[in-house]
Participant: 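Before I ask anything, here is the structure I am working with.
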Amino acid sequence: ISMCDEESDRDKFFLTRHHWGFTPDHPEQLADVMKRLKVELPTKGWKVVEYGLDSSPNKNLSLTADNNKKGFGVHIVHRGKDNPPKLAVTVVSGCYQVPEGQRVDRY
């Protein structure tokens, strides 16, 4: 659970982030998976806003996409030089307001 931005009231507004990694049985297929995500996500209502090599020393391939209708964004990084190679995934929600009389639980 995070603040939406520096100017929002942290007691009323929040967003969620969820991070995880995925190591497939056949990591050599991850580059193709990233290409397929770039092509197929837009057919499911996602807008790819960034795709390419990141600025890290490993020059990981990364993809960032937003789904404004569902209020989520995703950032996927193909960490091809890790042993074994994997995908690092972060999903971020839109900004939500806490219902009246309730408060944000910050884990």
Side-chain angles (χ1 to χ4, degrees):
I1 303 295
S2 302
M3 290 177 50
C4 292
D5 57 43
E6 293 295 321
E7 297 173 15
S8 63
D9 183 338
R10 68 177 275 118
D11 293 325
K12 290 185 180 182
F13 299 97
F14 69 98
L15 59 80
T16 61
R17 296 178 198 275
H18 185 70
H19 310 280
W20 74 93
F22 172 71
T23 305
D25 291 334
H26 301 284
E28 68 278 359
Q29 297 175 350
L30 288 177
D32 289 336
V33 167
M34 292 293 287
K35 290 176 192 171
R36 207 164 58 244
L37 285 167
K38 181 184 177 199
V39 170
E40 292 182 16
L41 280 173
T43 69
K44 308 290 186 200
W46 293 83
K47 179 181 179 184
V48 175
V49 295
E50 186 177 286
Y51 181 83
L53 300 178
D54 66 17
S55 60
S56 73
N58 288 339
K59 300 294 184 201
N60 298 309
L61 180 60
S62 70
L63 178 145
T64 303
D66 293 329
N67 188 319
N68 291 333
K69 185 176 180 182
K70 296 196 182 257
F72 288 96
V74 66
H75 181 69
I76 304 167
V77 179
H78 173 208
R79 299 182 59 116
K81 293 188 179 178
D82 283 6
N83 188 12
K86 66 180 175 185
L87 295 182
V89 181
T90 303
V91 176
V92 180
S93 75
C95 186
Y96 293 101
Q97 184 170 354
V98 179
E100 190 68 37
Q102 303 213 3
R103 62 188 222 32
V104 176
D105 284 332
R106 300 195 186 275
Y107 301 97

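Both backbone and side-chain heavy atoms feed into the values below; hydrogens, waters and symmetry mates do not. All of these numbers come straight from a predicted model, not from anything done at the bench.
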Participant: Side chains of N67 and K44: does their closest heavy-atom pair fall under 4.5 Å?
Facilitator: no
Participant: Please round to the nearest 0.5 Å and tell me the distance separating atom CZ of F13 and atom CD of Q97.
Facilitator: 4.0 Å
Participant: Do W46 and V33 belong together in a cluster built from hydrophobic side chains that touch within less than 4.5 Å?
Facilitator: yes
Participant: Let me check something: do V48 and L30 share a hydrophobic cluster, defined by ILVMFWY side-chain heavy atoms less than 4.5 Å apart, either directly or through other members?
Facilitator: yes
Participant: Could you tell me if S56 and D54 have a donor-acceptor pair between their side chains, going purely by distance under 3.5 Å?
Facilitator: yes
Participant: Determine whether V77 and L41 fall in the same hydrophobic cluster, where Ile, Leu, Val, Met, Phe, Trp and Tyr are linked whenever their side-chain heavy atoms lie under 4.5 Å apart.
Facilitator: no
Participant: For P24 and P85, which heavy atoms make the closest approach, and how far apart are they?
Facilitator: CD-O, 4.2 Å
Participant: Are I76 and M34 close enough that some pair of their side-chain heavy atoms sits under 4.5 Å apart?
Facilitator: yes
Participant: To the nearest 0.5 Å, what is the distance between CG on L87 and CG on N60?
Facilitator: 10.5 Å
Participant: Would you say V74 and F72 are hydrophobically clustered, going by side-chain heavy atoms of ILVMFWY under 4.5 Å?
Facilitator: yes
Participant: Applying the 4.5 Å side-chain criterion to the ILVMFWY set and letting contacts propagate, would W20 and L63 be lumped into a single cluster?
Facilitator: yes
Participant: Closer than 3.5 angstrom, by distance alone: can the side chain of T64 be matched with the main-chain N or O of E50 as a donor-acceptor pair?
Facilitator: no
Participant: Rounded to the nearest 0.5 Å, what separation is found between the OG atom of S93 and the NZ atom of K70?
Facilitator: 14.5 Å
Participant: Just how far is it from atom CD of E100 to atom NZ of K12, taken to the nearest 0.5 Å?
Facilitator: 7.0 Å
Participant: Ignoring hydrogens, what is the shortest heavy-atom contact between G94 and L15? Give both atom names and the distance.
Facilitator: O-CB, 3.4 Å
Participant: What distance do F14 atom CZ and C4 atom SG have between them, rounded to the nearest 0.5 Å?
Facilitator: 8.0 Å
Participant: Measure across R79 and A88 and return the closest heavy-atom pair with its distance rounded to 0.1 Å.
Facilitator: CD-CB, 3.9 Å
Participant: Knowing that exactly one of H19, H75, R17 qualifies, which makes a side chain to side chain donor-acceptor pair (under 3.5 Å) with T90?
Facilitator: H19
